[in-house]
Peer 1: 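Shown below is the structure under consideration.
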Amino acid sequence: MTNREKRIAVVTGAGSGIGRAVAVELLGAGWSVALAGRRVETLEETGALAPGGDTLAVRTDVSRPEEVEALFAAVRDRFGRLDLLFNNAGTFGPGGVPVEELSYDAWRHVVDTNLNGAFLCAQAAYRQMKEQDPQGGRIINNGSVSAHTPRPHSVAYTATKHALTGLTKSLSLDGRPYGIAVGQIDIGNAATDMTARMRRGVLQANGEVAVEPVMDVADVARTVRHMAELPLEANVQFATVLATTMPYVGRG
């Protein structure tokens, strides 16, 4: 692969979980990947999982406009262009807290990370993809099955993930004239630290606590890579990847 053919990606939340798995998958396929997250040491651990991979670790709090601006400036300086943003950074917030007990600070933290952070990164990627030559690129937002159906006591997370669907649709429409394809992957119960509680038992809509099945996060990563490597003339607008028997479809 020549430098001109080299594909460049930014993965946010790349220090763990789905972000780490996707970054490693892309690196293994020959992509150059800018790893963004709050802790440089975990980003470096991600890069070490793909020896010989072309990586750039940038400490980034996606809720801070100046840090997002610095991230994309570093990508321009190092790689010269951007082909993919995997907009993945997110937080569930305080789990199991009833609506009436959720603090405003906790609500704001989830909104600032999951929604405002996704917007800031998408905006920065959009600007770069519009201005670069050749023009265009792809943005994939990490939605979640919570973009469709809530869990009990998850109002902040669910609200932001529903909002991401609107963000995805609007960006997809506005990106058309500039060759910017935008899609969303909605993930259910990938095996990461964030979903470890599923295997201990979580509250269901009927008030019972039940253990839920999980799936290998590598299967999610392969799906993201498939979406990422389509020609820009084709787009997976929405994809749902979930543990086959998780209580989501129908009544469980």
Side-chain angles (χ1 to χ4, degrees), residues 1-37 42-43 45-58 71-72 75 78-79 81-90 118 121-122 125-126 128-129 132 134 136-145 147 164 168 171-172 175 179-192 194-195 214-244:
M1 185 179 296
T2 67
N3 288 337
R4 186 171 180 80
E5 294 169 334
K6 194 80 171 177
R7 294 164 297 187
I8 313 301
V10 170
V11 176
T12 66
S16 63
I18 291 167
R20 171 172 284 181
V22 168
V24 170
E25 178 72 19
L26 292 174
L27 287 164
W31 288 68
S32 297
V33 182
L35 309 167
T42 60
L43 299 177
E45 289 170 4
T46 297
L49 294 173
D54 187 11
T55 63
L56 172 68
V58 184
L71 165 65
F72 285 86
V75 172
R78 169 71 176 272
F79 300 115
R81 65 173 288 109
L82 177 63
D83 299 293
L84 171 69
L85 165 65
F86 181 45
N87 225 348
N88 168 72
C121 290
Y126 186 101
Q128 184 160 336
M129 291 171 179
Q132 65 194 8
R138 189 180 307 274
I139 299 170
I140 301 173
N141 294 323
N142 183 348
S144 169
V145 294
L164 270 180
T168 298
L171 289 170
S172 185
I180 301 172
V182 186
Q184 179 171 312
I185 184 167
D186 297 321
I187 303 161
N189 287 14
T192 66
M194 189 174 178
T195 59
V214 297
M215 62 177 167
D216 191 334
V217 70
D219 294 323
V220 175
R222 282 191 290 271
T223 304
V224 173
R225 181 162 74 89
H226 168 70
M227 295 169 70
E229 293 184 345
L230 288 171
L232 290 178
E233 292 77 21
N235 187 42
V236 176
Q237 188 68 69
F238 293 98
T240 303
V241 184
L242 72 166
T244 304

Peer 1: Looking at residues at least two apart in the chain, or sitting in another chain, which of them share a side-chain contact (heavy atoms from CB on, under 4.5 Å) with A125?
Peer 2: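 side-chain contact (heavy atoms from CB on, under 4.5 Å) list for A125, sorted by chain: F72, L82, L85, M129, I139.
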Peer 1: Under the side chain to side chain donor-acceptor pair (under 3.5 Å) test, which residues partner N189, sequence neighbours left out?
Peer 2: R151, E212
Peer 1: Go through the structure and list residues passing side chain to side chain donor-acceptor pair (under 3.5 Å) with S32, not counting sequence neighbours.
Peer 2: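 Checked S32 against side chain to side chain donor-acceptor pair (under 3.5 Å); matches are D54.
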Peer 1: Got M215 and V220 here, is their nearest side-chain heavy-atom distance under 4.5 Å?
Peer 2: yes
Peer 1: Looking at residues at least two apart in the chain, or sitting in another chain, which of them share a side chain to side chain donor-acceptor pair (under 3.5 Å) with N141?
Peer 2: N87, T168
Peer 1: Please list all pairs passing the salt bridge (charged side-chain N to carboxylate O under 4.0 Å, His left out) test where one or both residues lie in residues 10-21, with sequence neighbours left out.
Peer 2: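 Residue pairs with at least one partner in residues 10-21: R20-E45.
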Peer 1: Starting at CG of L56, measure out to CG of L43 and round the result to the nearest 0.5 Å.
Peer 2: 9.5 Å
Peer 1: By salt bridge (charged side-chain N to carboxylate O under 4.0 Å, His left out), which residues pair with D186, not counting sequence neighbours?
Peer 2: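 For D186 there are no salt bridge (charged side-chain N to carboxylate O under 4.0 Å, His left out) partners, ignoring immediate neighbours.
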Peer 1: If you take all heavy atoms of L232 and G136, which pair is closest and at what distance?
Peer 2: CD1-C, 4.1 Å
Peer 1: I187 versus V145: any side-chain heavy-atom pair under 4.5 Å?
Peer 2: no
Peer 1: Applying side-chain contact (heavy atoms from CB on, under 4.5 Å), can you list everything that pairs with I140, at least two apart in sequence or on another chain?
Peer 2: L84, F86, R138, I185, V224, M227, A228
Peer 1: Just jot down the side chain to side chain donor-acceptor pair (under 3.5 Å) partners of S172, sequence neighbours excluded, or say none.
Peer 2: Q237
Peer 1: Check the side chains of W31 and E229 for a donor-acceptor pair under 3.5 angstrom, ignoring hydrogens and angles.
Peer 2: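 W31 and E229 do have a side-chain donor-acceptor pair below 3.5 Å.
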Peer 1: Only counting residues at least two apart or in another chain, list the ones meeting side-chain contact (heavy atoms from CB on, under 4.5 Å) with A218.
Peer 2: D216, R222
Peer 1: Mind checking side-chain contact (heavy atoms from CB on, under 4.5 Å) for L71 and listing every partner two or more places apart, or none if nothing turns up?
Peer 2: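 Once residues adjacent in sequence are excluded, the partners of L71 under the side-chain contact (heavy atoms from CB on, under 4.5 Å) criterion are V10, A36, V58, T60, V75.
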